K.L.:
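Dropping a structure here in structure tokens format, bear with me for questions.
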2 protein chains.
Amino acid sequence: MAKYKKRERQELLIERVSTDPFLTDERLSEMFEVSIQTIRLDRLELNIPELRERIKHVAREETDKIRSLSLQEVVGEIIDIELNHHALSLFIVEEGHVFRKNQIARGHYLFAQANSLCVAVIDEPLALTKSAQIEFIKPAKLGDKVISKAVVVSMEGRIAAITVESKIEQRLVFKGRFEMYYTGEGEKNG
Amino acid sequence: MAKYKKRERQELLIERVSTDPFLTDERLSEMFEVSIQTIRLDRLELNIPELRERIKHVAREETDKIRSLSLQEVVGEIIDIELNHHALSLFIVEEGHVFRKNQIARGHYLFAQANSLCVAVIDEPLALTKSAQIEFIKPAKLGDKVISKAVVVSMEGRIAAITVESKIEQRLVFKGRFEMYYTGEGEKNG
DNA sequence: ACTGATGTTAGTACCAACTACTAAATGAGG
DNA sequence: CCTCATTTAGTAGTTGGTACTAACATCAGT
């Protein structure tokens with residue numbers, strides 16, 4: 001019994017095909033040392049589509065992803081906002097955001113969430129970060145839902161001061177104080 | 001002459017196929033009201049591969065993008081490093097990094113470059129950002145090459161202090177002071 | 001009006017990578 | 001030994017092509 005049992009083989013098959021969708025039945029049959037027909041029966045039972053359909057699917061999916069990635073301009077989803085006063089956003093920690101080793105989110109994603117929120121809360125044509133003091137209190141992990149709240153403390157002479165607090169299940173994980181530079185209609189008066 | 005001339009048709013063909021790689025010769029022949037053979041001759045002359053190859057190409061390209069995006073773990077390319085002392089990285093501002101309105105790079109990308117560099121320069125199994133004070137001195141624009149330099153000032157009691165300066169053509173655009181928390185082999189002794 | 005070049009269409013044989021189906025061989029367990 | 005599950009073999013048909021040959025069609029120039 002050099003080969004696998006049906007059950008075993010099918011589990012491995014799922015894994016192989018999902019990590020490399022470009023495998024033909026022929027290649028797979030060589031890998032598992034079974035006939036092509038067996039592979040086809042397996043795919044049938046497991047509802048795995050044929051090579052071409054898999055590739056097509058990948059191609060379709062990925063053209064979609066390009067869109068959602070250029071929308072990654074803003075990190076986190078804004079769930080409440082009152083311009084020039086405060087704003088709330090939600091950021092869910094996904095695989096791409098964490099260190100593989102320990103599943104902890106890279107700091108710059110938490111920063112990015114806070115920074116995006118600061119840009120969004122300022123109701124002016126131009127808003128750029130001027131400076132920030134930030135603190136990472138607890139690490140955020142894969143799957144965590146981070147709620148970030150920005151509060152505008154003051155807006156004077158083209159500089160807004162904003163405080164941000166990010167929490168996971170009510171626990172503070174990040175806080176920061178941002179100074180934003182802005183210009184806009186009011187510029188004529190100043 | 002309801003149809004197009006050869007020249008015209010071929011130009012349109014390129015456009016159609018590049019905007020939608022999923023078109024079969026049959027669909028294309030209907031669109032241009034010519035025979036399938038004509039479409040095939042056109043593809044041959046224009047070096048346009050067949051449907052399946054086009055799809056495969058898209059799929060491959062995009063799976064690469066995913067990889068390079070999850071490799072976006074580190075923002076910027078490290079060009080010189082001496083562990084626990086200093087490190088240099090290059091970050092080129094691309095379309096995805098800027099505000100569409102004014103082509104200015106979002107602050108969190110400059111932060112991410114600096115932050116990644118701080119993580120990289122610490123030669124310990126775990127290194128997390130604890131706090132940072134940062135300043136954005138001048139905006140970085142589309143196409144700019146940002147060189148970031150991190151210098152480790154001290155490493156004591158699991159906390160490293162690092163200063164970072166980022167420049168575009170010798171001009172300072174960003175600076176920051178990072179505190180990194182780290183643990184490693186030395187943990188047993190502490 | 002005839003000739004030639006260019007462009008278009010038709011048709012055949014072949015390919016990869018399948019699906020869908022039937023049928024036979026093999027194995028492992030009771 | 002028998003039996004049921006599993007595996008293999010083999011055939012016909014599909015899609016979306018390549019590669020090639022041959023037959024038109026069209027128009028331009030002489």
Side-chain angles (χ1 to χ4, degrees), chain A residues 1-69 95, chain B residues 1-70:
Chain A
M1 181 87 81
K3 305 174 188 183
Y4 302 100
K5 290 198 192 107
K6 188 178 175 179
R7 194 57 195 257
E8 232 176 329
R9 188 190 56 230
Q10 295 197 337
E11 279 169 27
L12 279 169
L13 189 92
I14 293 174
E15 211 191 292
R16 286 292 162 89
V17 170
S18 59
T19 57
D20 183 1
F22 299 90
L23 291 166
T24 61
D25 287 358
E26 200 181 6
R27 286 287 299 117
L28 287 164
S29 78
E30 287 163 13
M31 288 170 122
F32 292 107
E33 294 178 75
V34 292
S35 70
I36 282 199
Q37 280 77 358
T38 302
I39 295 294
R40 290 182 175 160
L41 273 176
D42 284 348
R43 282 200 297 99
L44 204 73
E45 285 177 24
L46 299 168
N47 275 320
I48 297 172
E50 63 165 289
L51 171 81
R52 286 154 180 171
E53 292 306 312
R54 295 196 301 266
I55 293 179
K56 211 186 288 181
H57 189 82
V58 172
R60 284 243 159 73
E61 216 172 46
E62 306 314 341
T63 45
D64 292 352
K65 258 180 205 159
I66 291 173
R67 268 167 230 148
S68 67
L69 271 159
E95 274 199 32
Chain B
M1 183 87 82
K3 305 176 188 182
Y4 301 99
K5 289 195 193 112
K6 187 178 177 180
R7 194 57 195 255
E8 233 177 328
R9 187 189 58 228
Q10 293 196 339
E11 277 170 29
L12 279 170
L13 189 94
I14 292 174
E15 211 190 293
R16 287 291 162 88
V17 169
S18 59
T19 58
D20 184 0
F22 298 90
L23 291 166
T24 62
D25 287 358
E26 201 180 6
R27 286 286 298 115
L28 288 164
S29 78
E30 286 163 14
M31 290 171 121
F32 293 106
E33 294 178 75
V34 293
S35 70
I36 281 200
Q37 279 77 358
T38 302
I39 295 294
R40 289 182 177 161
L41 274 175
D42 284 348
R43 281 201 298 100
L44 203 73
E45 285 177 23
L46 299 169
N47 275 319
I48 298 173
E50 64 166 286
L51 171 84
R52 287 153 181 169
E53 292 306 312
R54 295 195 301 266
I55 293 180
K56 208 186 288 178
H57 192 250
V58 172
R60 282 245 159 72
E61 220 171 42
E62 307 312 341
T63 46
D64 290 354
K65 260 177 205 159
I66 290 173
R67 262 169 228 146
S68 69
L69 271 159
S70 65

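Just so you know, these numbers use all the heavy atoms, side chains as well, and skip hydrogens, waters and symmetry mates. Just so it is clear, the model here is predicted, and its values are computed rather than measured.
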K.L.:
Students often get this wrong, so: under 4.0 angstrom with heavy atoms, is A/Gln37 touching a base, only sugar-phosphate, or nothing?
P.N.:
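Base, at least one base heavy atom under 4.0 Å.
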K.L.:
Choosing from D/dT15, D/dG17, D/dT7, which nucleotide comes nearest the side chain of B/Glu50?
P.N.:
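Nearest to the side-chain atoms of B/Glu50, counting from C-beta on, is D/dG17.
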K.L.:
Please work out if A/Arg7 contacts a base, only the sugar-phosphate, or nothing of the nucleic acid, heavy-atom cut-off 4.0 Å.
P.N.:
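No contact at all - A/Arg7 keeps every heavy atom at 4.0 Å or more from the nucleic acid.
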K.L.:
Measure CD1/A/Ile39 against P/D/dA9 and give the value in whole Å, please.
P.N.:
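These atoms are roughly 13 Å apart.
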K.L.:
Can you see if the side chain of A/Thr38 gets near the phosphate of D/dT7 - specifically, an N or O under 4.0 Å from OP1 or OP2?
P.N.:
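So the side-chain polar atoms of A/Thr38 never come under 4.0 Å of the phosphate oxygens OP1 or OP2 of D/dT7.
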K.L.:
Minimum heavy-atom separation for A/Glu26 and A/Ser29, please, with both atom names.
P.N.:
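Distance-wise, the nearest heavy atoms are O-OG, 2.8 Å.
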K.L.:
Over how many whole Å does the gap from A/Leu44 atom CG to C/dT19 atom P extend?
P.N.:
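Atom CG in A/Leu44 sits about 8 Å away from atom P in C/dT19.
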K.L.:
Whole angstrom is fine here: how far is it from CG in B/Asn47 over to P in D/dT18?
P.N.:
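Whole-Å distance recorded here is 12 Å.
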K.L.:
What integer distance in Å separates A/Leu41:CG from C/dA20:P?
P.N.:
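In whole Å, C/dA20 P lies 12 Å from A/Leu41 CG.
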K.L.:
Taking only the side-chain heavy atoms of B/Arg43 (C-beta and beyond), determine which of C/dA16, C/dC18, D/dG17 contains the nearest atom.
P.N.:
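Between C/dA16, C/dC18, D/dG17, the one nearest the side chain of B/Arg43 would be D/dG17.
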K.L.:
For DNA chain C, whose closest nucleotide is more 5', that of A/Pro49 or that of B/Lys6?
P.N.:
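Of the two residues, B/Lys6 wins.
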K.L.:
Looking at A/Arg7, A/Arg9, A/Arg16, which one forms a salt bridge (Lys or Arg N to Asp or Glu O under 4.0 Å) with A/Asp42?
P.N.:
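When salt bridge (Lys or Arg N to Asp or Glu O under 4.0 Å) is applied between A/Asp42 and each of A/Arg7, A/Arg9, A/Arg16, only A/Arg9 qualifies.
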K.L.:
Counting only side-chain nitrogens and oxygens, does B/Arg40 get under 4.0 Å of the OP1 or OP2 atom of D/dC20?
P.N.:
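So the side-chain polar atoms of B/Arg40 never come under 4.0 Å of the phosphate oxygens OP1 or OP2 of D/dC20.
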K.L.:
B/Leu28 has an atom CG; how far is it from atom P of D/dG16, in whole Å?
P.N.:
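Computing the B/Leu28:CG to D/dG16:P distance gives 12 Å.
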K.L.:
Need to verify one output field. Residue with the more 5' nearest nucleotide on DNA chain C, A/Asp25 or B/Ser35?
P.N.:
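Counting from the 5' end, the first nearest nucleotide belongs to B/Ser35.
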K.L.:
Testing A/Leu46, A/Leu51, A/Ile48 one by one against A/Val17 for a side-chain contact (heavy atoms from CB on, under 4.5 Å), which residue passes?
P.N.:
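For A/Val17, the side-chain contact (heavy atoms from CB on, under 4.5 Å) check succeeds only for A/Ile48.
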K.L.:
Rounded to whole angstroms, how far apart are CD1 on B/Ile36 and P on C/dT8?
P.N.:
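One finds 16 Å between P of C/dT8 and CD1 of B/Ile36, rounded.
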K.L.:
Taking all atoms of both residues into account, what is the closest heavy-atom pair of B/Arg43 and B/Asp25, and its distance?
P.N.:
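Closest approach of B/Arg43 to B/Asp25, heavy atoms only: NH2-OD2, 2.8 Å.
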K.L.:
Taking CD from B/Glu26 and P from D/dT14, how many angstroms apart are they, rounded to a whole number?
P.N.:
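Result: 14 Å.
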K.L.:
Could one point to a donor on the side chain of B/Arg52 or the base of D/dG17 with an acceptor on the other under 3.5 Å away?
P.N.:
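No pair found.
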K.L.:
Which of these nucleotides, D/dG17, C/dC18, C/dG7, is closest to any side-chain atom of B/Thr24?
P.N.:
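That would be D/dG17.
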K.L.:
Taking all atoms of both residues into account, what is the closest heavy-atom pair of A/Pro21 and A/Val58, and its distance?
P.N.:
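Result for this residue pair: CG-CG2, 3.9 Å.
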K.L.:
Tell me what B/Arg54 touches on the nucleic acid: a base, only sugar-phosphate, or nothing, going by heavy atoms under 4.0 Å.
P.N.:
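Nothing, no nucleic acid heavy atom in range.
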K.L.:
Out of C/dA17, D/dT7, D/dG16, which has the shortest distance to the side chain of A/Leu51?
P.N.:
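Closest nucleotide to the A/Leu51 side chain: C/dA17.
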K.L.:
Nearest-Å distance, NZ (B/Lys56) to P (D/dT15)?
P.N.:
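About 20 Å, once rounded to whole Å.
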